[in-house]
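Comments concern the structure below.
Index from 1, following the sequence. Ligands are counted one by one from 1 in listed order, and the atoms in each one are counted from 1 as well. All values derive from a computational prediction rather than experimental measurement.
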Amino acid sequence: MQTVTLNNGVQMPILGFGVFQIPDDETQAAVEAALAAGYRHLDTAASYGNEAAVGAAIKASGIAREDLFITTKLWIQHAPTGSVQDDTRRAFENSLSRLGLDYLDLYLIHQPLGDYYSEWRAMQDLHKEGLARAIGVSNFHPDRLVDLIDHNEIVPAVNQIETHPFHQRAADQALMRERGVQIESWGPFAEGKNNLFTDPVLSAIAEAHGKSVAQVVLRWLIQREVVVIPKSVRPDRMAENLDVFGFELTEEQMSQIATLDTGASLFFDHRDPAMVSWLGGRRYN
Ligand SMILES: NC(=O)c1ccc[n+]([C@@H]2O[C@H](COP(=O)([O-])OP(=O)(O)OC[C@H]3O[C@@H](n4cnc5c(N)ncnc54)[C@H](OP(=O)(O)O)[C@@H]3O)[C@@H](O)[C@H]2O)c1
């Protein structure tokens with residue numbers, strides 16, 4: 001598997017398997033199928049409610065721990081103990097225990113909301129103790145990302161953000177590259193919104209290569225050096241989504257896909273006060 005090298009030297013597989021919105025009782029079977037198909041990089045989150053099922057699949061697979069790359073995410077801490085730093089450590093320990101692991105490959109702050117500076121300080125400690133090989137963030141716009149970098153010791157290794165043909169994030173990626181932060185796409189297929197799977201530009205390119213639209217989208221992201229974590233509960237699609245290393249898009253095809261960018265989210269705006277309040281009010285752990 002092709003990897004990217006994070007800013008602390010850790011190798012991260014450029015393609016993994018996401019488990020958002022897979023119901024808890026279906027997650028173990030889905031992750032077991034993904035591991036059997038050849039995925040070695042898994043992406044979950046405390047807020048997905050399925051870390052234990054991911055852990056059960058890892059255990060059942062018998063795959064050596066060092067051959068896996070496991071990411072989970074910290075939900076916004078509400079400081080019931082009065083210390084966001086202490087609560088972050090407790091949330092980390094809970095995630096680790098649900099996953100049945102003794103370290104993580106990547107631990108992400110899920111949302112740029114609440115007291116994420118305290119969360120980050122706790123995560124820096126977890127990293128220094130060897131409990132998280134890399135730490136990073138998710139859903140950070142460039143201004144928030146730069147502020148976090150400028151006022152802390154460790155530069156996030158990764159920023160996982162919505163990135164797909166209709167929201168391409170080229171300027172964000174350029175800024176992240178300058179600052180040593182790896183871009184990772186969530187929602188590579190925009191969850192099928194905007195009729196992505198029948199889009200005429202993507203379909204024509206897919207036809208030219210004898211590939212599917214899904215494969216073209218993943219290939220386009222990988223050629224841009226964006227880490228991808230497509231989700232599917234179907235073993236045939238899991239295999240299809242892994243099979244994206246045997247062909248290459250031309251510069252012209254890359255430019256054609258660039259024209260699909262709308263520059264806007266298809267999901268939600270992290271700067272909309274109503275959304276900030278809604279997300280901030282959610283409780284997980
Ligand atoms: N950090 C964040 O805030 C955040 C937010 C969202 C997602 N994520 C992460 O990113 C991962 C991926 O994003 P996502 O799950 O939202 O959406 P996605 O990967 O863009 O799309 C998943 C959808 O595409 C379908 N699909 C998958 N492969 C396909 C194929 N080859 N052909 C046709 N349809 C296909 C799936 O259906 P089937 O399952 O029926 O195949 C599912 O409906 C998540 O699982 C999660 O790990 C992170």
So D105 and R65, salt bridge (charged side-chain N to carboxylate O under 4.0 Å, His left out) or not? Walk me through it. CA-CA 10 Å; D105 296 282; R65 175 67 185 92; 2.9 Å; yes
Which residues satisfy the side-chain hydrogen bond (donor to acceptor under 3.5 Å, both in side chains) test with E191, sequence neighbours excluded?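 By the side-chain hydrogen bond (donor to acceptor under 3.5 Å, both in side chains) rule, E191 matches no residue at all.
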According to the side chain to side chain donor-acceptor pair (under 3.5 Å) rule, which pairs have a member within residues 197-211, sequence neighbours left out?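 Listed by first then second residue: H209-Q253.
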Once ring-ring contact (aromatic ring centres under 6.0 Å, His included) is applied, what residue pairs with a partner in residues 130-188 remain, sequence neighbours excluded?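 Every pair satisfying ring-ring contact (aromatic ring centres under 6.0 Å, His included) with a residue in residues 130-188: Y116-F140, W186-F267.
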I'd like the residue list for ligand 1, meaning every protein residue with a non-hydrogen atom under 4.0 Å from the ligand.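 Heavy-atom contacts below 4.0 Å: G18, V19, F20, D43, Y48, K73, H110, S138, N139, Q160, W186, G187, P188, F189, A190, E191, F197, A214, I229, P230, K231, S232, V233, R237, E240, N241.
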With a 4.0 Å cut-off, would you call R177 and D172 a salt bridge?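 The answer is no: the pair does not qualify as a salt bridge.
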Distance to the ring centre below 6.0 angstrom and angle to the axis at most 45 degrees; does that hold for R133 and Y107?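 No, R133 does not lie over the aromatic ring of Y107.
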